[in-house]
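Residue numbering restarts at 1 for every chain, and letters A, B, ... go by the order of the sequence lines.
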There are 2 protein chains.
Amino acid sequence: MSTAHGARARARTEITAAIKDEARRQLVADGAAKLSLRAVARELGMVSSALYRYFPSRDDLLTALIIDAYDSLGERAEAAHGKAADASPVARWTTVCEAVRAWALGHPHEYALIYGSPVPGYTAPDTTVPAASRVGLVLIGIVRAAHRGPGLTEPPLPAELRPEAGRMTADLAPDLPPETVTALVASWAQLYGLVGFELFGQFNRVVEDRETFFRHAVERLAHGVGLRAA
Amino acid sequence: MSTAHGARARARTEITAAIKDEARRQLVADGAAKLSLRAVARELGMVSSALYRYFPSRDDLLTALIIDAYDSLGERAEAAHGKAADASPVARWTTVCEAVRAWALGHPHEYALIYGSPVPGYTAPDTTVPAASRVGLVLIGIVRAAHRGPGLTEPPLPAELRPEAGRMTADLAPDLPPETVTALVASWAQLYGLVGFELFGQFNRVVEDRETFFRHAVERLAHGVGLRAA
DNA sequence: GGATGCGGGAGAGCGCTGCTCTCTTCTGTG
DNA sequence: CACAGAAGAGAGCAGCGCTCTCCCGCATCC
């Protein structure tokens, strides 16, 4: 595929990568809205129209960066989980959440790109789904291990939510109780509420010791999913 | 002040309002990024440079819209709370959260403007703080009433978070226990995680019956703050 | 009541953007 | 080796935020 016809294709993938790298540099520096195709081209010593041979539009370039960002965050979460493999479920959960927060604080513009308001008029293509799922899969993995292991308490689940819970469970983790899956999905969203509020300044003049606050909040999230207290 | 010199000043406030109205129309239609000073001016039958007599920059216009959006959301939350004044604390909490969600779903671009990624390079001026606080104040009010009334269970609070909890409590609600205030701040952020994930498409292919899911999630949030089960 | 100062609208223009189209060069392949 | 197709260059279009200069007319003050 990519190495099929040799030199030509290799040059293409190299230049594509160079464009993405320079684009990422600008994204990191100034945010997505200021990412300019012309500036990227200029920096690479090419003319702007040439860049369209590689990315048909600015949005396509952004999509590539979105996927990379999801992957970067996912890797970070997976790595954090790997290192904490022997810890208690709650400790592993907390570690992964803290990795997400650390990544977000270290990559604010990339975080904003993937979890902030979507670029207007832009809807993420399905291409992004696998990369976007990685953090969620890590969290599911932690809960699954706890479920197989010493156990997991099941959160309450009202009757009217049972159909939806069943649907989600079938899609996400058929081996887990629907009570758990439902709580997990909610906690997953809530985690990003905590991160987003810190990152986007909503905690200014409200929370100061954000690290401690965050750790405690995600520990309570873990308990809410039914993970045993450490 | 505003009515000081009569006609002149009145014309000015009228035109300022007209500009904001047209700008909001464009914001609602296409989102903040596509809001164009020139288009607003065009629609109002004036030339773009004239608009700068009223708003010194696009960011200033956006700031005005941000404040309006916070106020609109705050009003909605306050109104919802008012109508549910006689209900149980948990029911009032849930009602207010649902009002926030409903407002967000009805005003996606305005929600994105205030709770999505901040416009790059843009930091909200302090002018926005009072308007931005309104929803939080409603939530605090519900908890405060429960605290004065039949009671409130206090969530756990680890020792290392006690200093920060004390700080937050002094700033936000000195009459409430720090355990409660800490949980409240976390729940406040988590609420916006739930809303944001639904609004920005993260729940696509994951949660279908979002209304039921949301209600259950915020009920659990209420319990997490220590409000009595309804 | 007439001179005056200033608020506010008009217009041109600068430098930037995304994107398109055409022309040309170069290169890997049949 | 010839040639198709890939890829870069350049000009150009329409839009943007913002500035500056000009000018009109209304409200004020003597």
Open item on the list: Please list, in numerical order, the residues of residues 42-52 of chain A that have a heavy atom closer than 4.0 Å to any atom of DNA chain D.
Closed with: A:M46, A:V47, A:S49, A:A50
Task: Side-chain N or O of B:R12 closer than 4.0 Å to phosphate OP1/OP2 of C:dG7 - done: no
Open item on the list: Give me the atom names and distance for the closest heavy-atom approach of B:E110 to B:L27.
Closed with: CG-CD2, 3.6 Å
Open item on the list: Using side-chain contact (heavy atoms from CB on, under 4.5 Å), reason through B:H81 and B:R92 one step at a time and then give a plain yes or no.
Closed with: CA-CA 6 Å; B:H81 182 230; B:R92 289 158 69 199; 3.0 Å; yes
Task: side chain to side chain donor-acceptor pair (under 3.5 Å) partners of B:R25, counting only residues at least two apart - done: B:E22
Open item on the list: Heavy-atom count check: over 12 atoms from other residues, nucleotides or ligands less than 6.0 Å from B:R215 CZ?
Closed with: no
Task: Side chain of B:Y54 - closest among C:dC19, C:dG9, D:dC18 - done: C:dG9
Open item on the list: Can you identify which nucleotide, out of C:dT17, D:dG8, D:dC22, has its nearest atom closest to the B:R53 side chain?
Closed with: D:dC22
Task: Where B:L194 and B:F203 come nearest, the two heavy atoms and their spacing - done: O-CE1, 4.0 Å
- [ ] Could you state the atom-to-atom distance from CZ of A:R10 to P of D:dA7 in whole Å?
- [x] 14 Å
Open item on the list: Between P on C:dC16 and CG on A:L35, what's the gap in Å once rounded to a whole number?
Closed with: 17 Å
Open item on the list: Rounded to whole Å, how long is the line connecting atom CZ of A:F55 with atom C1' of C:dT17?
Closed with: 19 Å
Open item on the list: With heavy-atom distances below 4.5 Å as the criterion, would you say the side chains of A:L221 and A:W188 are in contact?
Closed with: no
Task: Polar side chain donor-acceptor pair, B:T63 to B:D60, under 3.5 angstrom - done: no
Task: Any N/O donor-acceptor pair, B:R38 side-chain to D:dG17 base, under 3.5 Å - done: yes
Task: Between D:dC18 (P) and B:L37 (CG): distance, integer Å - done: 6 Å
Task: Separation of D:dA7 P from A:I15 CD1 (nearest whole Å) - done: 8 Å
Open item on the list: Quick check on C:dG18: is either OP1 or OP2 less than 4.0 Å from any side-chain nitrogen or oxygen of A:S57?
Closed with: no
TODO: Round to the nearest Å and state the distance from B:K34 atom NZ to C:dG18 atom C1'.
DONE: 12 Å
Task: Nucleotide D:dG15, atom P - distance to CZ of A:R58 in whole Å - done: 19 Å
